[in-house]
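Quantities reported herein were computed from a predicted structural model and do not represent experimental measurements.
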Amino acid sequence: MTTPKRLDRIAFVASNSEEAQAAFEQLTQTYGNDDPHKADVIVALGGDGLMLKTLHDHMRTGKPIYGMHRGTVGFLMNEYSTINLHERLAAARETLINPLLMRATDVHGSVHIHHAINEVSLFRQTHQAARLRILIDEQERMAELVADGILIATPAGSTAYNLSAQGPILPINAALLALTPISAFRPRRWRGALLPNKAFVVIEVLEGDKRPVAAVADHDEARDVRRVEVISDRTISMRMLFDPGHSLEERIISEQFSY
């Protein structure tokens, strides 16, 4: 029987809320606070916003991230407790996730490259609906979508904005991406598509001068884009830790039966 690995050197990060800062002070007094570059694990104290920021900050380090809920939305977080943290970390289950890579070209020809853990979204910038052309693996799949926008979501992000836009919830280990329209006007009944996570998605903006569009990768925005390319970045695997019986996979399944 394999003994669980102890993650002794802990680096704590916290959001700016009073609740998170109080937890940070208590936990660092109890367990210390190692340099993130030398730590075995990063423990994030806050909500899902902080978890996304922490994952972005440590995206290429390979360090496991364990979140505890001290914020508003805690879908990506474990329950908060100051007791037996080393034992909880050693027993935690690991989930690997790959980010999306967005390459957006704007009206001036400038290229904006960003990663997204939840989704890449395109939004209209004015009162006029966006007109978009959709290509999948260099094949045109929709000549024109008239909508407020469109998003490409990962399984980890499928319960976030994607769900609010009536997109499907994806199991965390599913090799899929969700392509979901935002308030589609034409074709009015199109509800989106499920794509293999190896798909190369291209969204071209039609009439961009008249109907400007912005592209957002989680929190990084590019304005007045003309072409947005999105692909899953398989060169990066982020390690998220969850308590047994409280995995991200379990929460995604449970979310599908909530009402």
Side-chain angles (χ1 to χ4, degrees), residues 48-61 97-154 156-158 160-162 164-167 177-188 190 192-193 195-236 238:
D48 285 352
L50 178 75
M51 173 57 81
L52 288 177
K53 181 181 184 304
T54 305
L55 288 167
H56 275 281
D57 289 346
H58 300 277
M59 184 176 289
R60 297 184 183 277
T61 67
I97 61 174
N98 303 111
L100 297 174
L101 179 62
M102 177 187 82
R103 185 179 189 273
T105 305
D106 66 22
V107 63
H108 306 294
S110 298
V111 176
H112 308 263
I113 298 176
H114 299 291
H115 281 95
I117 295 164
N118 272 359
E119 73 276 317
V120 170
S121 308
L122 281 75
F123 302 99
R124 62 183 174 95
Q125 291 179 200
T126 68
H127 64 282
Q128 290 187 297
R131 293 183 63 228
L132 308 170
R133 178 175 178 244
I134 303 172
L135 300 94
I136 308 297
D137 294 329
E138 300 184 271
Q139 180 178 349
E140 181 183 276
R141 292 295 183 178
M142 185 169 290
E144 182 184 68
L145 169 68
V146 181
D148 283 353
I150 194 169
L151 63 86
I152 304 100
T154 66
S158 67
Y161 187 30
N162 173 72
S164 298
Q166 307 301 311
L177 300 174
L179 182 67
T180 303
I182 303 169
S183 300
F185 176 70
R186 189 171 61 240
R188 193 181 298 272
W190 187 62
L195 306 174
N197 63 1
K198 295 180 180 179
F200 176 50
V201 182
V202 175
I203 310 294
E204 294 181 347
V205 177
L206 308 177
E207 295 184 359
D209 291 334
K210 180 181 179 182
R211 302 167 183 265
V213 170
V216 182
D218 283 350
H219 52 258
D220 293 304
E221 183 182 50
R223 306 279 288 181
D224 296 307
V225 297
R226 290 295 184 266
R227 177 183 172 94
V228 178
E229 302 169 358
V230 180
I231 194 167
S232 180
D233 191 344
R234 314 299 290 179
T235 68
I236 299 175
M238 291 168 287

Exercise. Using side-chain contact (heavy atoms from CB on, under 4.5 Å) as the criterion, list what pairs up with Arg133, not counting sequence neighbours.
Key: Leu135, Glu140, Glu204, Leu206

Quiz item: Where do Ile182 and Tyr161 land on the side-chain contact (heavy atoms from CB on, under 4.5 Å) test, with the steps shown first?
Solution: CA-CA 10 Å; Ile182 303 169; Tyr161 187 30; 3.7 Å; yes

Quiz item: ring pair (Phe, Tyr, Trp, His ring centres under 6.0 Å): which pairs involve residues 206-225, sequence neighbours left out?
Solution: His56-His219

Quiz prompt | Atom pair OG (Ser121) and CD1 (Ile203), whose distance is rounded to the nearest 0.5 Å | solution = 11.0 Å

Practice problem: Report the distance from atom CG of Leu132 to atom CD1 of Ile150, rounding to the nearest 0.5 Å. | Solution: 6.5 Å

Practice problem: Mind checking salt bridge (Lys or Arg N to Asp or Glu O under 4.0 Å) for Arg211 and listing every partner two or more places apart, or none if nothing turns up? | Solution: Glu207

Quiz item: Which residues pass the salt bridge (Lys or Arg N to Asp or Glu O under 4.0 Å) test with Glu144, sequence neighbours left out?
Solution: Arg131, Arg186

Quiz prompt | salt bridge (Lys or Arg N to Asp or Glu O under 4.0 Å) partners of Asp57, counting only residues at least two apart | solution = Lys53

Quiz item: Can you name the residues that form a side-chain hydrogen bond (donor to acceptor under 3.5 Å, both in side chains) with Glu229, not counting sequence neighbours?
Solution: Arg227

Quiz item: Name the one of Leu177, Asn118, Asp233 that satisfies side-chain contact (heavy atoms from CB on, under 4.5 Å) with Leu100?
Solution: Leu177

Quiz item: Could you go step by step and tell me if Asn197 and Asn98 meet the side-chain contact (heavy atoms from CB on, under 4.5 Å) rule?
Solution: CA-CA 10 Å; Asn197 63 1; Asn98 303 111; 5.6 Å; no

Quiz item: How close do Pro99 and Met238 get, heavy atom to heavy atom, and via which atoms?
Solution: CD-CE, 3.6 Å

Practice problem: List for me each residue that meets side-chain contact (heavy atoms from CB on, under 4.5 Å) alongside Arg60, sequence neighbours excluded, and say none if there are none. | Solution: His115, Ile236

Exercise. Grab the two heavy atoms, one from Ala130 and one from Arg124, that are nearest each other, plus how far apart they are.
Key: N-CB, 4.1 Å

Quiz item: How would you list, by chain and number, every residue that makes a side-chain hydrogen bond (donor to acceptor under 3.5 Å, both in side chains) with Ser164, sequence neighbours excluded?
Solution: none

Practice problem: Return the set of residues passing side-chain contact (heavy atoms from CB on, under 4.5 Å) with Pro196 (not counting sequence neighbours), or none when no residue passes. | Solution: Ala199

Quiz item: Minimum heavy-atom separation for Ala147 to Ala184, with atom names?
Solution: CB-CA, 3.7 Å

Exercise. State, with a plain yes or no, whether a side-chain heavy atom of Val213 is found less than 4.5 Å away from one of Val228.
Key: no

Quiz item: Within a radius of less than 6.0 Å around CZ of Phe185, do more than 12 heavy atoms belonging to other residues, nucleotides or ligands occur?
Solution: no

Self-check item: Any Ile97 side-chain heavy atom under 4.5 Å of Thr154 side chain
Solution: no

Quiz item: Which heavy atom of Ala222 sits nearest a heavy atom of Val225, and at what distance?
Solution: O-CG1, 3.6 Å

Quiz item: In Å and rounded to the nearest 0.5 Å, what is the CG to CG distance from Asp218 to Leu52?
Solution: 5.5 Å

Quiz item: Is there a donor-acceptor contact under 3.5 Å from the side chain of Gln125 to the main chain of Arg223?
Solution: no

Practice problem: Might you point out which heavy atoms bring Thr180 and Gln166 nearest each other, and give the distance in Å? | Solution: CG2-C, 4.5 Å

Practice problem: List in chain and number order the residues that pass salt bridge (Lys or Arg N to Asp or Glu O under 4.0 Å) with Arg234, two or more places apart in sequence or in another chain; answer none if no residue qualifies. | Solution: none

Quiz prompt | Rounded distance [0.5 Å steps], CG in Leu55 versus CG in Asp48 | solution = 10.0 Å

Quiz prompt | Ser158: partners by side-chain hydrogen bond (donor to acceptor under 3.5 Å, both in side chains), with sequence neighbours left out | solution = none

Practice problem: Check whether any side-chain heavy atom of Met59 sits under 4.5 Å from a side-chain heavy atom of Ile117, and report yes or no. | Solution: yes

All N/O donor-acceptor pairs, side-chain side in residues 101-109, below 3.5 Å, sequence neighbours left out:
residue: Asp106; atom: OD1; partner: His108; partner atom: N; Å: 2.9
residue: Asp106; atom: OD1; partner: Gly109; partner atom: N; Å: 3.1
residue: Asp106; atom: OD1; partner: Ser110; partner atom: N; Å: 3.0
residue: Asp106; atom: OD2; partner: His112; partner atom: NE2; Å: 2.9

